[in-house]
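What follows is a set of notes on a single structure, which appears directly below.
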Amino acid sequence: MKKTIALLPGDGIGKEVVDVTVDILKAIAEHFHHQFQFNYGLIGGDAIDQKGNPLPEETIAICKDSDAIILGAVGGPKWDQNPMELRPERGLLGLRKELDLFANLRPIKTFESLLDSSPLKKEYVDGVDFVIVRELTGGLYFGKPSERIVHEGDDAVVDTLLYKRYEIERILVSAFEIASKRRKHVTSVDKANVLESSRVWREVAEEVAARYPDVTLEHMLVDNAAMQLIRSPKQFDVIVTENMFGDILSDEASMITGSLGMLSSASLSSSGLHLFEPVHGSAPDIAGKNIANPIATILSAAMMLRQSFGLEEEAKAIEKAVDNVLNAGNRTADLAEDGKAVSTKQIGEEIKNALGDDHAILNIMEAYS
């Protein structure tokens, strides 16, 4: 298989975690006889510094000429005082809009070897396995107007929550499709007791649910959902919600696993060109220190292999290698409890070496043959 992958390292630790992930993908290509071509593009603060634009046109072109995209991270205090159009985050938001990356998938799954790293009690998190499906291109983050105004003679501000019916429908369909291949339960999160947008969301959810009689639909208010994620996270299978609620709940849910550095994500488009990125931010305070956890990016690459390229065995090989390395006691600084941490590059090498176990790869291939 020949595939072209756009790499957008971005800011902070993005460069370090993407570099390690590229090494893993090169090892996968060698072991499974594929050809991956990597094309680099600028985004975020790095793009502002070099091109004066958080999302240069050449980056968009690189992405559109690729089969999938891997993003590191964007942002940092260096650009906090920039005008809104020159903030690093505008690059990511612009890319989502440009490529119509409307569905963000964030798997929340605990690793047995890391159960003690979670701030929650072990019995609450052991066996947690659910997916948050977040609408990514509508809602408050994109609605117009979004500006400071004068209202009734006083300084005021307005943000607009706008959703078109088709935007709500397609994200709900995505959630039901995913649930139909899992445990067949969708929890739709809204604020229907207050917001008209949520009441429409709930109506559309009922209409979509009627097309999937084997999938159970549950409605849950967002404040209750925030509580239930801590109280009883194992109850969830697929959570689907709008942009801002999904942003908040997915970051809350990430702590169930013990570290943001463990969680992958995918942003899907209707065209089939998808973006894969770790959940964590740019972490500028540790950038360049070789201590960041690259596993979230590595697992995002596994999602890419599965979701974009249909390479199930290869994705499983990466996931098994990560599991084996963690089971052997390797921990980066965010997970190390005894102060004995391996570096970003070291844990990448351990995972790559685990991939090099031809016997293990053959076992994986046989299991899926």
Side-chain angles (χ1 to χ4, degrees), residues 54-55 60 63-64 69 71 84-85 87 89-106 131-149 151 156-180 186-213 215 217-223 225-226 238-251 265-277 307-308:
L55 183 61
I60 296 173
C63 291
K64 289 184 175 180
I69 307 160
L71 173 75
M84 185 59 68
E85 66 273 13
R87 296 287 296 273
E89 295 77 13
R90 303 310 297 182
L92 180 55
L93 292 175
L95 190 63
R96 289 172 180 170
K97 205 69 174 177
E98 181 71 31
L99 301 180
D100 195 26
L101 299 168
F102 72 92
N104 181 243
L105 311 185
R106 188 171 293 192
V131 178
I132 296 178
V133 181
R134 167 191 169 193
E135 203 290 321
L136 208 55
T137 56
L140 278 172
Y141 293 176
F142 291 96
K144 302 292 183 184
S146 178
E147 59 190 6
R148 299 184 183 193
I149 61 172
H151 180 69
V157 62
V158 59
D159 286 308
T160 302
L161 199 168
L162 173 67
Y163 268 115
K164 297 177 181 177
R165 191 177 187 87
Y166 85 90
E167 293 177 310
I168 300 173
E169 182 178 8
R170 68 179 179 176
I171 194 67
L172 285 161
V173 168
S174 297
F176 274 86
E177 285 291 326
I178 293 168
S180 68
V186 170
T187 303
S188 177
V189 174
D190 58 41
K191 193 63 177 170
N193 59 337
V194 176
L195 298 176
E196 186 62 27
S197 59
S198 284
R199 286 188 278 272
V200 173
W201 181 285
R202 191 168 286 205
E203 290 172 9
V204 177
E206 290 288 348
E207 293 172 6
V208 172
R211 307 176 205 168
Y212 296 86
V215 178
L217 169 64
E218 172 189 22
H219 298 291
M220 188 175 289
L221 296 176
V222 64
D223 41 356
V238 175
I239 297 173
V240 61
T241 190
E242 59 96 61
N243 205 342
M244 187 176 73
F245 295 162
D247 192 2
I248 296 167
L249 292 178
S250 57
D251 272 8
S265 76
S267 297
L268 308 184
S269 75
S270 55
S271 71
L273 176 57
H274 309 322
L275 181 146
F276 302 85
E277 61 180 311
Q307 189 78 39
S308 288

Looking at [atom1] of [X] and [atom2] of [Y], how far apart are the two atoms once the value is rounded to the nearest 0.5 Å?
{"X": "L273", "Y": "L275", "atom1": "CG", "atom2": "CG", "value": "8.0 Å"}
{"X": "L136", "Y": "L93", "atom1": "CG", "atom2": "CG", "value": "8.5 Å"}
{"X": "E98", "Y": "L55", "atom1": "CD", "atom2": "CG", "value": "7.0 Å"}
{"X": "S197", "Y": "I168", "atom1": "OG", "atom2": "CD1", "value": "7.5 Å"}

Checking [X] side chain against [Y] main chain: does a donor-acceptor pair fall under 3.5 Å?
{"X": "H274", "Y": "S269", "result": "yes"}
{"X": "N243", "Y": "G138", "result": "yes"}
{"X": "E135", "Y": "T137", "result": "yes"}
{"X": "K144", "Y": "T160", "result": "no"}
{"X": "S146", "Y": "F142", "result": "no"}
{"X": "D190", "Y": "V222", "result": "no"}

task = Given side-chain contact (heavy atoms from CB on, under 4.5 Å), test E85 with R90 step by step and report yes or no.
result = CA-CA 6 Å; E85 66 273 13; R90 303 310 297 182; 5.5 Å; no
ask   = Taking NZ, NE, NH1 and NH2 as the nitrogens, is one of them in R106 or D247 under 4.0 Å from a carboxylate oxygen of the other?
value = no
inquiry  = Whether K191 and D223 form a salt bridge (side-chain N of Lys/Arg under 4.0 Å from carboxylate O of Asp/Glu) is what I want to check.
reply    = yes
task = Check the pair S271, D100 against side-chain contact (heavy atoms from CB on, under 4.5 Å), reporting the backbone distance first and the verdict last.
result = CA-CA 8 Å; S271 71; D100 195 26; over 6 Å; no
request  = Please test E277 against L92 for side-chain contact (heavy atoms from CB on, under 4.5 Å), starting from the C-alpha separation and ending with a verdict.
outcome  = CA-CA 11 Å; E277 61 180 311; L92 180 55; 4.3 Å; yes
Validation row: I171, W201 side chains within 4.5 angstrom (heavy atoms) = yes
message = Is the shortest side-chain heavy-atom distance between I248 and M244 below 4.5 Å?
response = yes
inquiry  = Within 45 degrees of the ring normal and closer than 6.0 Å to the centroid, is that where the cationic atom of R211 sits relative to F176?
reply    =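 Checked: cation-pi criterion not met.
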key: Evaluation steps, side-chain contact (heavy atoms from CB on, under 4.5 Å), between E203 and E206   = CA-CA 5 Å; E203 290 172 9; E206 290 288 348; 6.0 Å; no
